[in-house]
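For reference, the structure discussed in these notes is given below.
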Amino acid sequence: MTKRAIVAVGGFTSDSGKTTLVCELLRGLPGWEAVKMTRGHYRSCGRDPHACCVSPLLGEEPVVRSGREETYEAGKDTGKYWEAGAANVHWAIVTDNQVGRGIELALGRVRSPGVLVEGNSFLRHVAADFTLMVARPDKLKIKPSARRVLSSVSAFYLSGEGGRLREDFEAWRKSETLEGPAAVAPVYTRDDLTRLRELLKRLV
């Protein structure tokens, strides 16, 4: 597989703002591609199964869809990637046991110098060149999949608005007594997007 810059965009929680950040980054990274990973299961996902459950797509091997025809749908995360300017979008649908193989297949289709991958779980199988962890300062709880990969965090991104985003986050970080990279990783907000994009461009 050709070497290319892999940028992970993970999140503390499912509604932390990962997709929004991926789209904001794509707007300033022309030519980059994006990967969305969806983990499913062989039962109802607890919501409207016709609207969000991917269980009919699951099988013995991961499913990877690529290209606008297979991945664009207005309102869905993959559709938002296209609208933000992604050169290509790959959607990997996997079970918990297929995450490693799924990300391998998806990355194998990437032809651009850089790719943004949304999710936490794939980081246990692939070493990203840069890992952004998205957090909402008003909801500083970490789901297990995010906590497991804190040791690989390159930087935090605080979603939301307000003048105390950094202060609230630093107070939380101190109270958590985080160790390793997570204890000292730089913190970015929406005001830093241009600087963050420039930093990522230098990876390729």
Side chains of Asn97 and Thr95, donor plus acceptor under 3.5 Å: no
Criterion side-chain contact (heavy atoms from CB on, under 4.5 Å) on Phe130 and Val153, from CA distance to verdict: CA-CA 8 Å; Phe130 196 89; Val153 166; over 6 Å; no
Criterion side-chain contact (heavy atoms from CB on, under 4.5 Å) against Asp77, the qualifying member of Thr19, Val22, Thr20: Thr19
Derivation and outcome, side-chain contact (heavy atoms from CB on, under 4.5 Å), residues Arg136 and Asp15: CA-CA 9 Å; Arg136 283 177 48 182; Asp15 59 348; 3.2 Å; yes
Heavy-atom check, side chain of Val7 versus side chain of Leu203, under 4.5 Å: yes
Shared hydrophobic cluster, Leu199 / Val117 (ILVMFWY, side-chain heavy atoms < 4.5 Å): no
Salt-bridge criterion met for Lys80 and Glu83 (N-O under 4.0 Å): no
4.5 Å side-chain heavy-atom contact, Ile6 and Val126: yes
Sub-6.0 Å ring centroid separation between Phe169 and Phe156: yes
Note, Val94 side chain near Thr38 side chain (heavy atom, < 4.5 Å): no
Check ion pair Glu198-Arg195 (N to O, under 4.0 angstrom): no
Main-chain N/O of Leu21 paired with Arg190 side-chain donor or acceptor, under 3.5 Å: no
ILVMFWY network linking Val115 to Ile103, side-chain heavy atoms under 4.5 angstrom: yes
Asn88 and Val110, any side-chain heavy atoms less than 4.5 Å apart: no
Steps toward side-chain hydrogen bond (donor to acceptor under 3.5 Å, both in side chains) verdict (Glu73, Thr78): CA-CA 7 Å; Glu73 185 174 346; Thr78 51; over 6 Å; no
Side-chain heavy atoms of Arg27 within contact of Leu193, under 4.5 Å: no
Distance-only donor-acceptor check, side chains Thr71 and Arg65, under 3.5 Å: no
Heavy-atom side-chain contact between Lys201 and Leu29 under 4.5 Å: yes
Co-membership, hydrophobic cluster, residues Trp91 and Tyr72, 4.5 Å side-chain: no
Any Glu33 side-chain heavy atom under 4.5 Å of Arg4 side chain: no
Ser154: partners by side chain to side chain donor-acceptor pair (under 3.5 Å), with sequence neighbours left out: none
Contacts of Arg148 that satisfy side chain to side chain donor-acceptor pair (under 3.5 Å) - sequence neighbours left out: none
Asp192 bridged to Arg166 by N-O distance under 4.0 Å: yes
Hphob cluster co-occupancy, Trp32 + Leu196, side-chain heavy atoms under 4.5 angstrom: yes
Among Asn120, Ile93, Val99, the one residue meeting side-chain contact (heavy atoms from CB on, under 4.5 Å) with Met37: Val99
Salt-bridge contact Arg164-Glu167 (side-chain N to carboxylate O under 4.0 Å): no
Between Trp172 and Phe12, ring centroids under 6.0 Å: yes
